[in-house]
Amino acid sequence: KKPKYYVLEMLPYPSGTMHMGHMRNYTIGDVVARVKRMRGFNVLHPMGWDAFGLPAENAAIKNRTHPRTWTNNNIGEFQRTLRRFGFSFDWRREISTCEPEYYRWNQWFFLRMLERGIAYKKKSRVNWCPKCCTVLANEQVVNGGFCWRHEDTRVEAREIEQWFLKTTAYSEQLLEDLKQLEGSWPDRVIAMQRNWIGRSIGAKVWFEVESEQSTADSPQLKSEEKNAGRQDAGATSKIEIFTTRIDTIYGASAIVLAPTHPLVALLIAGTPEQAKNEKKLAEMKVSSVKTEDIATAEKDGFFTGRYAVNPFNGEKVPIWVGNFVLLEYGTGAIMAVPAHDERDFEFASKFGLPIPTVVTPGEIGNKGDQRPAISDQEAKKESQKAAAPFTDYGYSVNSGKYSGLKSEDAIERMASDAEAQGFGKKETIFRLRDWGISRQRYWGTPIPVIYCEKDGMVPVPDKDLPVLLPANPKLTGEGESPLATDPEFVNVKCPKCGGPARRESDTMDTFVDSSWYFYRYGDPHNDKAPFDPAKAAYWFPIDQYIGGITHAILHLLYSRFWCKVMRDLGLVKHDEPIARLFTQGMVQKGGVAMSKSRGNVVGAEEMAEKYGADTGRIYTLFAAPPEKDLEWSEESIDGAWRFLNRVYRVVEKHADRVRAEKGYTTELAEGPQSAQRRETQDPGARTAPGAPTEKERELLRKAHQSLQRVTQDFEGRWHFNSAIAQIMELVNAIYAAEPLDEGVRPAVQKEVLELVTLMLAPMTPHLAEELWEMLGHKDGLWTVAWPAINEELAKEDEVEIPVQVNGRVRGRVTVPAGSSQDEVMKKATADPGVAAHLAGKTIRKVIFVADKMLNIVVG
RNA sequence: GCCCGGGUGGCGGAAUGGCAGACGCUGAGGACUUAAAAUCCUCCGGGGAUUUUUCCUCAUGUGGGUUCGACUCCCACCCCGGGCACCA
């Protein structure tokens, strides 16, 4: 049976018209799909539409039409262009995410996640884009606080009830499984994901708040005021901090809370500076949102007037509020160790906090775990004048019984001790947040839940799926969700009690659609389930996924998350959906990526109109290796066009002469053609019998050498540009051998011309099909296998070997291929150029690489 | 600041330790043509010697190193692009 091969390009969002940037993406995928098909794989190469989304809704409002109309028109355009470029998609498997047949399964998945607590609702501060009038996921907030689609618009913070998917439940797996992808995914994508998930291994430590003289108003924290689970319910007068450097705790000169930390108000209440500090706090809360660039903002803060106790040494530590501490990360509170942290150092320097040294670099000559040469006393003196913090690992000093330990050991011991004594806990935290999927928009998947006055939140039963979008919404682009304004949609009966109820009016983030769409291609018309697990088991994981680097985090992280959820639901057995990922470079014009807003697009249709689709295809393959950005050049396209014409002319010229000859097999081989298989096939079968002429030998050699290299370039690292260069060389050689009817028999001529055709077939299918027919074939190229390399014919009879003396080329000798070192030496020393450099010297060493080079080392 | 990429002719790029610049673009010259387009052929990194044949030499961001031999491997640095960024 044929092995499967699933090659997929990221599905497009159908907006506007397609440009050559799109075409490059699909061309790469199509070449791979066609090559694999020719090599005997059962290839899945589908196409679909990421059809939900905001631009459709905005365009509908602007043009007074329906988002569906706008979207489907675009899909029609896209389809036309893709067909024109001859991409070998299996259109029977086409999907469109805005169809109920598709999005009902988004709802189905949502219900399964709801059952398992993966989907949940919470009131939270959300990112609100005033231009989109909707909530954005953390991943959609860019440049430190701007909307990913309106890069000039700052995201606002709002408190809204939102649906979330618990991506954080998979933080560890999402991070760990990246190891499986190493080598098969681009390093930078893995690095970006790793960075995004952001694991920190450290510990939480609880600092007891010291009660002031007045015992009456010890700060109390009600559990619901701090995010659930963060604060030990019993430890109401404790501050919890997170640190990755517990070994530096003896150097903590302050506890610093985020301005939005719920304890802050309680702490400053009743202190002498209360009024002043409350004013300051209000300022900081505002400025932390408005500051142009939060990352570079100057350190600011104030002393609350209260103290906490360092559980390790019982020292009193002042409690501060600082603008550089983030509520969202860790516990929203830190211990400031100025001597060993950049930010703490800056903060302490500004506000005059002490900077005690508790870690020193290991001195040279200092052995193992022994104390470094510096004493606690000296360290104390040193620390006061330090100009910069020492943030590396070293040896603990000034740290009680831990002094002298290596930082790594101190971290381990101190964390263990803290845990044993009940004032701390080892903890790993992640930067990754849960995925907020609620959108207050129309053109998306309705979230399938109902709110009943009596029963509360009730999931829509599976039998009532899909929850259809209302056909004729009122779209204004403002205010609450358009679905909320449609009484027919909103007012429903409770599925449980039949009483009056209200339907959820938010829709899902469109990244939900694209998180699992590739599974649907394997079983696109299933109306019982999102897909048949057996079919998914056959096709998955995707052998090759191709798309832009823009989706390195969002789409790919969500897809990986979705796969793990489906695995836990028992739908799939694999951990990762995508075995290999390829990120192609952008097509640029004037140094920037093609985009409609920049007005620098080269339209796919106009390109096809002017030069033909094949020229467009081969140009994008030839101009640069696929992973690199490609600067569009009108002149270079002429070159690609000229080349294809050159090929056409030479085949046309000789077609009559060779048509009747036996050609390449039209049987597509069963199973992949391995190297072994190629060798066992009769390689000379297609070459005319009898001794070849010199001219024939040269042509055949060049042809099979080209085939060798082109095969490698297609299978290996996708060097399409050098594959094309190789075919160009072959075509040049054919021209140089003209007139072909003299000294080249028709059978040989046919073999060479057919090889050119077959090698071009994956890249320029239209041209190749026409040439194939001209060469006398009735069956289309679809039925043809990748040609077998004839190793014998590819071999050189003679090779020119450069002769080096002390590493410099001093001459060249021509010898029969496979000549021994002695034979080459004999010829080389006779070469006058070489001899001149050998004269009067002693030969010390000779390095010989057969058929490659000879290096004579003299002294 | 941290993490990824990448620096080779006028330009896009080739060369996975073995002749640096394949192939293409641009440019120059020639053939064909009444002419133009198209097409075909030749040349095209710098410097020097020789002058119509070739030889020498310098060149793959910079400086070191490993090696008989380095665009390629190692170390340090410079520049460009991208991602993350007060993440404790």
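In what follows, every chain begins at residue 1, and chains take the letters A, B, ... in the order their sequences are listed.
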* **For atom CE of A:M728 and atom C1' of B:C40, their distance in whole Å** => 17 Å
* Structure fact -> Side-chain atoms of A:F242 come closest, of B:C86, B:A88, B:G18, to B:A88
* **Phosphate OP1/OP2 of B:A88: any A:T243 side-chain N/O under 4.0 Å** => no
* May I have the distance from A:D629 (atom CG) to B:G82 (atom P), rounded to whole angstrom? => 10 Å
* To do: Would you mind classifying the nucleic acid contact of A:R810 as base, sugar-phosphate or nothing, using non-hydrogen atoms under 4.0 angstrom?
  => sugar-phosphate
* Please check if atom NZ in A:K350 has more than 12 non-hydrogen atoms from other residues, nucleotides or ligands closer than 6.0 Å. => yes
* To do: Output yes when at least one side-chain N/O atom of A:N732 is less than 4.0 Å from OP1 or OP2 of B:G24, else no.
  => yes
* To do: For A:V325, answer base if it contacts any base atom (sugar-phosphate contacts may also be present), sugar-phosphate if it contacts only those atoms, and nothing otherwise; contact means non-hydrogen atoms under 4.0 Å.
  => base
* Asked: Taking the C1' atom of each, how far is B:C3 from B:G9, in whole Å?
  -> 33 Å
* Side-chain N,O (A:R188) to OP1/OP2 (B:G6) below 4.0 Å -> no
* May I ask you to say what A:R812 touches in the nucleic acid, namely base, sugar-phosphate or nothing, with a heavy-atom cut-off under 4.0 Å? => base
* To do: Would you mind classifying the nucleic acid contact of A:D187 as base, sugar-phosphate or nothing, using non-hydrogen atoms under 4.0 angstrom?
  => sugar-phosphate
* Asked: Between B:C40 and A:R646, is there an OP1 or OP2 to side-chain N/O distance shorter than 4.0 Å?
  -> yes
* Asked: Where the side chain of A:R810 meets the backbone of A:A836, is there a donor-acceptor pair that is under 3.5 Å apart?
  -> no
* To do: Output, in order, the C-alpha distance, side-chain angles, deciding distance and verdict of side-chain hydrogen bond (donor to acceptor under 3.5 Å, both in side chains) for A:Q705 and A:E796.
  => CA-CA 9 Å; A:Q705 282 174 351; A:E796 294 281 357; 2.9 Å; yes
* Taking CG from A:N721 and P from B:C11, how many angstroms apart are they, rounded to a whole number? -> 18 Å
* Can you sort out the partners of A:F324 under ring pair (Phe, Tyr, Trp, His ring centres under 6.0 Å), two or more places apart, ordered by chain and number? => A:F347
* Expressed as a whole number of Å, how far does the P atom of B:U39 sit from that of B:G24? -> 13 Å
* Asked: Do A:H340 side-chain atoms and A:T248 backbone N/O form a donor-acceptor pair below 3.5 Å?
  -> no
* Given Watson-Crick or G-U pairs with both distances under 3.5 Å, what dot-bracket string fits RNA chain B, with | for other-strand pairs and [ ] for crossing? -> (((((((..(((.....[....))).(((((.......))))).(((((....)))))..(((((..]....))))))))))))....
* Structure fact -> Quick note, A:R808 side chain, CB onward, closest among B:U57, B:C4, B:G13 is B:U57
* For A:N195 and B:C2, is the shortest distance between a side-chain N/O and OP1 or OP2 below 4.0 Å? -> no
* Asked: Quantified in whole Å, what is the C1' atom distance between nucleotide B:C56 and nucleotide B:U50?
  -> 10 Å
* Using a 4.0 Å heavy-atom cut-off across all strands, classify A:Q804 as base, sugar-phosphate, or nothing. => base
* Please tell me which of A:Y735 and A:F430 maps to the more 5' nucleotide of RNA chain B, matching each residue to the nucleotide holding its nearest heavy atom. => A:Y735
* How long is the line joining CE of A:M759 and P of B:C23, in whole Å? -> 16 Å
* Structure fact -> Checking B:C84, B:G13, B:C25 against the side chain of A:A624 (C-beta onward), the nearest is B:G13
* What interatomic distance, in whole Å, is found between P of B:C41 and the corresponding atom of B:C25? -> 12 Å
* Structure fact -> Of the candidates B:C68, B:G13, B:C19, the side chain of A:E800 sits closest to B:C19
* To do: From the options B:C84, B:C68, B:A88, select the nucleotide whose nearest atom is closest to the side chain of A:L326.
  => B:A88
* Structure fact -> Among B:A88, B:U57, B:U16, the one nearest any side-chain atom of A:I334 is B:A88
* Asked: OP1, OP2 of B:U26 versus side-chain N and O of A:R642: anything below 4.0 Å?
  -> yes
* How far does the C1' atom of B:A37 sit from the matching atom of B:C44, given to the nearest Å? -> 25 Å
* **A:E823-A:S820 side chain donor-acceptor pair, cut-off 3.5 Å** => yes
* Rounded distance in Å - CZ (A:R194) to C1' (B:C2) -> 15 Å
* To do: Look at the side chain of A:E729 and decide which nucleotide, out of B:C23, B:U16, B:C25, has an atom nearest to it.
  => B:C23
* To do: Write down the distance separating the P atoms in B:G1 and B:G69, rounded off to the nearest Å.
  => 38 Å
* **Upstream residue (5' side of RNA chain B) when A:I549 and A:N806 are each assigned their closest nucleotide** => A:N806
* Quick check: does any side chain N or O of A:E419 sit under 3.5 Å from a backbone N or O of A:K426, one acting as donor and the other as acceptor? -> yes
* To do: Classify the side-chain pair A:S200/A:Y329 by whether it contains a donor and acceptor separated by less than 3.5 Å.
  => yes
* Identify whether any heavy atom of A:G198 sits under 4.0 Å from a base atom; if not, whether one sits that close to sugar-phosphate; answer base, sugar-phosphate or nothing. => nothing
* **B:A22 to B:U16 separation - C1' atoms, rounded to the nearest Å** => 16 Å
* Whole angstrom value for the distance that separates P of B:C3 from CH2 of A:W185 -> 22 Å
* Which nucleotide in B:C19, B:C56, B:C84 has an atom nearest any side-chain atom of A:V809 -> B:C19
* Asked: So A:D247 and A:S396, side-chain hydrogen bond (donor to acceptor under 3.5 Å, both in side chains) or not? Walk me through it.
  -> CA-CA 7 Å; A:D247 62 307; A:S396 286; 4.8 Å; no
* Residue A:K852 excluded, over 12 heavy atoms near NZ under 6.0 Å -> no
* To do: Would you mind telling me which of B:G12, B:C40, B:G18 lies closest to the side-chain atoms of A:F622?
  => B:G12
* Classify the glycosidic conformation of B:G27 as syn or anti, calling it syn when the angle lies within 90° of 0. => anti
* Please check if the distance between the ring centroids of A:W632 and A:Y619 is under 6.0 Å. => yes
* Please state whether the phosphate of B:A15, meaning OP1 or OP2, lies under 4.0 angstrom from any side-chain nitrogen or oxygen of A:H719. => yes
* Same-atom distance (C1') from B:A31 to B:A36, integer angstrom -> 16 Å
* Structure fact -> Atom CD of A:E631 and atom P of B:G81 are separated, to the nearest Å, by 15 Å
* Asked: Does OP1 or OP2 of B:C23 have a side-chain N or O of A:R709 closer than 4.0 Å?
  -> no
* To do: Would you classify A:P625 as touching base, sugar-phosphate or nothing, given that sugar-phosphate means primed atoms plus P, OP1 and OP2, and contacts are heavy atoms under 4.0 Å?
  => sugar-phosphate
* Structure fact -> In whole angstroms, the gap separating P of B:G82 from CD1 of A:I553 amounts to 15 Å
* A:Y329 side chain, from C-beta outward: closest of B:A88, B:A22, B:C58 -> B:A88
* To do: Would you please say whether a donor-acceptor pair under 3.5 Å links the side chains of A:N310 and A:Y250?
  => no
